[in-house]
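Reckoned from all heavy atoms, side chains included, excluding hydrogens, waters and symmetry mates. Naming convention: chains lettered A, B, ... in sequence-line order (proteins, then strands); numbering from 1 in each chain.
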Amino acid sequence: MSTLAHSHDPSHGHGSHAHDPAHGHDGHGHHKETFITKYIFSQDHKMIAKQYLLSGMLMALIAAGLSLLFRLQLGWPDRTFPWLETLLGEWGKGGRLDPNFYLALVTLHGTLMVFFVLTAGLSGTFSNLLIPYQVGARDMASPFLNMLSYWLFFLSSVIMLASLFVESGPASAGWTIYPPLSALPQAVPGSGLGMTLWLISMVLFIASALMGALNYITTILNMRTPGMKMTRMPLTVWSFFCTAILGVLSFPVLLSAAVLLVFDRSFGTSFYLSEIYIAGEALTRTGGSPILFQHLFWFLGHPEVYIVLMPALGLTSEIIATNARKPIFGYRAMVGSLLGISFLSFIVWGHHMFITGMNPFLGNVFMILTLVIAVPSAVKVFNYLATLWRGNIRFTPAMLFAIGVVSLFISGGLTGIYLGNAALDINLHDTYFVVAHFHIVMGSASMFGMLAGVYHWYPKMYGRMLDEKLGYLHFWLTFASVYLVFFPMHFMGLDGVPRRYYQFTGFEFMTEWMDMNRFISVSAIMATAAQLIFFYNFFRSIRYGRVAPQNPWNANTLEWTTPVERLHGNWPGEIPHVHRWPYDYSRPGAPQDFILQTVPDEDLPLAARGRPTNEALSGAAVTERAKTPSAQPVASSSVFIARLLHRIGLRRA
Amino acid sequence: MKKAFLNSFFMNRLHLPALFQPRGFTALVGVLALFLAVLAEPAMAQAVAPTEGFGDGPKLVIALIALVWVILAGLKTFSASMRSQGVRLFNWNKVNAVLMVFFLVVFMLFVLWHFLKLMKFTLPVSASAHGVELDGMLSVTFWITIAVFALTQVLLFSFALAYRYKEGRKALFYADNHQLEFYWTVVPAIVLTVLVLYGTKIWREITQVQPAKDALKFELFAYQFGWQARYPGADGVLGGHDFRLISATNSMGIEETDSAGRDDLLVSEITLPVNRPVLMKLRARDVIHSAYMPHFRVQMNVVPGMPTQFYFTPTVTTKQMQEITGNSNFVYELACNKICGAAHFNMRMKVNVVTDTEYATWLSKQRTYFRRPEPAQELLSAR
């Protein structure tokens with residue numbers, strides 16, 4: 001492997017793909033990689049992807065563990081668990097969770113899952129792994145910045161986890177850290193040193209996310225191999241592209257929110273503080289607005305939801321097309337809906353604030369915009385269904401998880417129609433209905449997307465295959481338990497049960513949910529246990545898995561043309577040129593049911609050459625053949641966007 | 001194929017010794033674990049006090065895992081021995097495809113069970129005028145979303161079964177159809193437009209109306225961790241307030257210099273006359289709270305430094321609601337619904353909805369903060 005890797009100069013012969021000057025550590029024939037440069041301070045996108053994945057998996061395990069601790073409290077509020085005191089000391093006194101620590105658990109579970117697992121772990125892993133592979137680049141535009149991005153993320157993870165060991169406890173104002181609760185240590189102990197660490201950690205995280213995102217965008221725009229037009233990019237790359245743009249535009253706003261909060265906490269300003277009397281004294285700092293923070297937070301917070309979800313949808317698109325052996329249905333509509341979702345995600349943040357006291361007129365505006373975003377989402381679902389229709393579906397574990405994504409995206413997306421409606425939100429806001437909604441559509445769907453991605457691209461990461469049967473078991477247990485955990489929560493929400501409650505014993509109308517809470521907790525334990533199967537499979541297969549063939553899924557995209565051994569620089573010879581879009585599956589007249597993107601028309605039988613057109617449908621089914629876009633009247637937003645792309649030269653050939 | 005399967009199935013020598021092969025060994029361990037779990041049951045049941053630990057839980061889980069282990073290990077052994085006979089016991093692709101539809105059926109039954117069994121645990125009819133409108137909107141949204149839910153989930157899982165991999169079949173090369181895209185862009189857009197128009201109408205009616213002149217005005221004050229309510233006295237006007245005046249004796253920071261506040265009443269339970277519009281003024285002392293009264297479909301955040309309000313009309317008295325729910329202990333409750341610290345889960349206040357006469361009686365019993373306007377009454381009650 002190493003001889004191959006070093007015999008070739010990655011930047012040789014490709015003027016347009018010349019590496020960043022900072023990328024000087026290898027690939028020049030004679031340099032020897034040490035353990036440190038290869039595995040720790042690596043600048044290879046594949047290694048960085050694996051670093052992100054392993055960190056993400058570790059954080060997911062911790063975050064899931066934290067959730068089990070508070071599910072223990074919610075499921076069995078009437079019992080004591082002496083081992084809790086052994087584990088947590090003061091916070092588990094007498095075998096019962098301390099209410100302040102309960103809030104800290106909820107806060108850290110949310111923070112770790114949203115940012116460290118589903119942003120860094122998902123987007124970080126697959127953007128790094130797949131962007132250079134799928135656009136045909138030797139590495140990222142700036143491998144050095146990429147390395148820096150990971151290590152800042154690592155540092156931020158360490159600081160976030162360190163806050164668990166602070167005497168006054170970790171941040172406990174919820175993952176949304178609304179001030180004044182998060183600004184005043186008098187309000188909750190977690191707003192002391194714990195909150196300071198949270199903010200420092202997030203500032204580093206944002207810096208890391210920005211470095212990553214700028215790298216992704218630059219690589220996609222500038223380093224595509226000849227022939228790889230924007231409209232020939234796999235939907236994975238499109239989704240990473242949109243995600244990165246969202247990150248670049250929204251994370252700085254969170255940074256500003258965090259910095260102002262730091263000022264309020266440490267330097268005596270009052271951006272978010274006004275007319276507060278706490279701990280026996282009236283604060284002299286007035287004139288600020290707690291609502292300002294919410295506006296700034298959700299200006300990131302809402303795009304963040306899509307930063308988490310879109311990569312999962314991109315991976316799903318690729319996996320469904322590959323395993324249904326069919327072109328993804330409505331490629332341009334899929335790209336259009338990604339762009340539509342990206343744009344709309346910036347102007348819907350107010351739906352998190354309908355009842356914060358924001359001017360109710362704004363509620364109207366945000367309601368309209370929020371429900372508009374359901375349209376591109378619906379288009380995506382229907383396109384997935386149409387892709388499965390008359391396919392020849394292989395149920396690899398990746399495919400199972402991808403189907404799971406679609407199912408969860410539907411279930412969780414539909415409840416968004418309730419919550420996006422300002423009127424209905426009055427009674428559903430901050431109840432378990434919200435918990436059910438976002439855990440299904442953002443948490444689980446994205447997590448399923450990530451798992452689907454791991455199963456599908458594991459051969460590209462480790463050169464070996466994951467065990468399929470353990471994958472099936474993992475999927476079915478996880479899929480069932482996700483619905484068992486989160487579906488009943490809708491009904492708790494419809495009964496007005498608030499989230500972030502330590503226990504439900506204080507209110508008459510909530511006590512009837514005790515049994516259900518226990519059921520949910522048991523299901524959550526089952527869901528977590530199922531993940532152990534995955535961890536076992538993952539780590540065992542690194543050494544003992546079946547050696548991967550060159551193209552295990554018979555897929556079309558470029559990464560499957562690289563050697564199984566995973567060279568630094570990706571391709572031993574020249575970077576392959578691209579001659580077609582990535583979804584030529586089951587093309588009539590072709591010898592196989594897939595055509596790699598690198599195959600030129602000349603290598604194909606006459607019948608399979610040229611612009612792909614739909615195969616005629618048999619029977620009484622729709623006989624409409626697709627026409628060229630120019631011959632078609634502007635019929636829908638998706639077609640409109642497709643034609644727009646055509647105008648600006650992004651059209652698929 | 002079938003013959004080979006039956007042959008091997010009935011040939012004892014094939015799968016009896018298999019139990020002693022490495023794979024059979026895992027099955028044996030599983031059986032042992034199951035056996036131990038069952039044996040340990042009475043011992044554990046005695047050892048674990050009912051208020052401590054999980055009780056029977058872990059034992060059941062161990063037994064369940066052992067059972068699954070036995071089944072899986074047995075199947076694995078069996079299928080391995082079959083494979084050596086050249087028979088593939090499982091077509092995993094088909095197994096998964098069938099499981100998809102099996103899941104769909106169980107999933108739909110699960111959803112149905114929820115609606116049949118859990119709906120009765122959700123909120124009873126709305127106890128406020130606007131809440132009835134809201135519930136109407138909720139049910140329209142419900143029927144639309146449940147239809148889309150059922151349709152898409154059924155299509156998803158049944159496509160999985162119908163179009164599972166079959167040797168020799170080729171998928172249909174069908175990349176796009178503008179007409180279809182048009183329909184499934186426009187139809188959701190139209191449905192959502194209807195929902196938006198309906199939603200904005202109700203939202204405006206609830207939040208953007210001029211309160212009636214005879215509306216009962218009262219103030220709700222939130223602090224870590226409790227509520228305090230203030231009613232205007234006979235003048236119907238709430239006195240001024242300033243957070244700098246808050247002290248151990250003046251918990252709401254009421255301005256002593258404002259004569260309008262002289263007759264204000266401090267109460268520990270919200271009591272509202274039925275069918276009279278109410279303007280609830282909200283104020284917070286320390287951090288953000290949220291005044292949530294689910295039975296009235298009322299919620300508004302309580303923000304320090306930014307007074308908020310909610311305008312509604314209670315229409316069902318507590319007594320009536322006790323009859324409706326068949327629960328003689330039923331009470332309306334106010335909860336805090338914005339994370340506010342350690343005892344967030346305990347920020348409760350009782351809400352009573354009563355008839356006009358009951359309200360008048362209740363009001364006459366409340367005391368003012370300053371007490372000065374009624375020195376005589378003080379003396380009377382002291383005597």
Side-chain angles (χ1 to χ4, degrees), chain A residues 79-80 99-100 174 180-181 187-188 274-278 282 290 325-327 330 333 355-357 360 364 368 371 375 378-379 382 385 388 390-395 410 414 421-423 426-427 430 491 494-496 498 500-502 506-507 512 586-588 614-615 626 632 635-636 638-639, chain B residues 51-52 93 96 118 121-123 137-138 141 145 149 152 155-156 159 163-165 169-176 178 181-182 184-185 188-189 192 196 199-200 202-203 207-208 243-244 246 285-288 294 297 299-301 303-306 308 331 333 335 337 339 341-342 345-346 348:
Chain A
R79 298 200 189 166
T80 56
N100 275 316
L181 186 62
V188 70
S274 189
E275 304 193 12
I276 290 168
Y277 177 93
I278 195 163
R325 313 308 294 160
K326 265 189 77 181
I355 56 152
T356 55
N364 291 318
I368 294 166
L371 295 196
V375 175
V379 168
F382 289 124
L385 292 177
L388 291 175
R390 296 193 66 174
N392 202 17
I393 305 169
R394 300 176 316 198
F395 293 102
I410 295 168
L414 285 171
N421 184 328
I426 292 172
N427 218 47
D430 267 343
F491 295 83
L494 288 173
D495 192 32
R500 291 165 173 162
Y501 263 33
Y502 172 68
F507 289 81
E512 62 203 16
S586 301
R587 183 142 180 203
N614 287 339
E615 202 172 343
Q632 187 88 351
S636 69
S638 53
V639 174
Chain B
T51 55
E52 198 183 289
N93 211 64
N96 279 311
L118 293 186
F121 288 132
T122 60
L123 292 170
M137 168 101 235
L138 187 72
T141 311
T145 49
F149 172 80
T152 45
L155 285 180
L156 176 67
F159 280 179
Y163 304 114
R164 67 183 184 276
Y165 176 81
R169 196 180 70 185
K170 209 169 179 187
L172 183 75
F173 188 90
Y174 201 73
D176 48 11
H178 296 310
E181 297 279 7
F182 173 75
W184 61 49
T185 307
L192 287 162
V196 162
T200 43
I202 295 179
W203 172 249
T207 60
Q208 293 152 76
F243 77 104
R244 278 167 288 229
I246 296 174
R285 191 171 78 182
D286 32 44
V287 299
I288 301 176
R297 319 294 190 255
Q299 182 170 206
M300 182 51 72
N301 283 6
V303 188
M306 192 185 87
T308 52
V331 283
E333 289 167 305
N337 198 13
I339 181 170
F345 68 98
N346 240 348
R348 172 180 184 264

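- For M300(B), the parts sitting under 4.5 Å from any heavy atom of chain A are the backbone and the side chain alike.
- When each of L181(A), I368(A), L388(A) is scored by its heavy-atom pairs under 4.5 Å with chain B, the top score falls to L181(A).
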Exercise for review: Step by step, work out the side chain to side chain contact (heavy atoms under 4.5 Å, CB included) result for N346(B) and Y501(A).
Suggested key: CA-CA 8 Å; N346(B) 240 348; Y501(A) 263 33; over 6 Å; no
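- Here the side chain of E615(A) pairs a donor or acceptor atom with the backbone of F173(B) at under 3.5 angstrom.
- A donor-acceptor pair is defined here as one N or O able to donate and one able to accept, closer than 3.5 Å; no such pair exists between the side chain of Q299(B) and the backbone of N427(A).
- Across all their heavy atoms, P304(B) and P290(A) have their closest contact at O-CG, 3.8 Å.
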Review point. Yes or no on side chain to side chain contact (heavy atoms under 4.5 Å, CB included) for I339(B) and V188(A), after CA distance, side-chain angles and deciding distance?
Key: CA-CA 11 Å; I339(B) 181 170; V188(A) 70; over 6 Å; no
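- The minimum heavy-atom distance linking N100(A) with A342(B) is given by the pair OD1-CB, 3.3 Å.
- Atom-to-atom distance recorded for I410(A):CD1 and T152(B):OG1 is 3.5 Å, nearest 0.5 angstrom.
- Using a 30° and 60° split on the angle between ring planes, Y502(A) and F345(B) fall in the tilted class, from 30° to 60°.
- Minimum heavy-atom separation, P360(A) to Q208(B): O-NE2, 3.7 Å.
- Highest contact tally toward chain A, considering only R297(B), M137(B), E333(B), R169(B), is held by E333(B) [criterion: heavy-atom pairs under 4.5 Å].
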**Study point:** Intermediate values then yes/no, side chain to side chain contact (heavy atoms under 4.5 Å, CB included), L123(B) and L494(A)
**Key:** CA-CA 7 Å; L123(B) 292 170; L494(A) 288 173; over 6 Å; no
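- Of the residues considered (W184(B), F159(B), F121(B), F149(B)), W184(B) shows the highest number of contacts with chain A, using heavy-atom pairs under 4.5 Å.
- Annotation for G357(A) and M306(B): closest pair O-CE, 3.6 Å, computed over non-hydrogen atoms.
- At a 4.5 Å heavy-atom cutoff, the contact between N421(A) and chain B is made by side-chain atoms alone.
- Among the candidates G174(A), A378(A), P588(A), the residue making the largest number of heavy-atom pairs closer than 4.5 Å to chain B is P588(A).
- Between L192(B) and L371(A) the shortest heavy-atom distance is CD1-O, 3.3 Å.
- Here N93(B) is the residue among N93(B), D286(B), V196(B) with the most heavy-atom pairs under 4.5 Å with chain A.
- Between chain B and the options P327(A), P498(A), A282(A), the largest number of non-hydrogen pairs under 4.5 Å is found for P327(A).
- Proximity to chain A (any heavy atom under 4.5 Å) is restricted, for T308(B), to the side chain, taken from C-beta onward.
- Across T207(B), V287(B), T122(B), I288(B), the residue that shares the most heavy-atom pairs under 4.5 angstrom with chain A is T122(B).
- Atom CG in D430(A) sits 5.0 Å away from atom CG in N337(B) (nearest 0.5 Å).
- In this structure, CZ in R394(A) is found 13.5 Å from CG in N96(B), a value given to the nearest 0.5 Å.
- Residue K170(B) holds its NZ atom at 10.5 Å from CG of N392(A), rounded to the nearest 0.5 Å.
- Looking only at heavy-atom pairs under 4.5 Å with chain A, the residue among P188(B), G199(B), A189(B) that has the most is G199(B).
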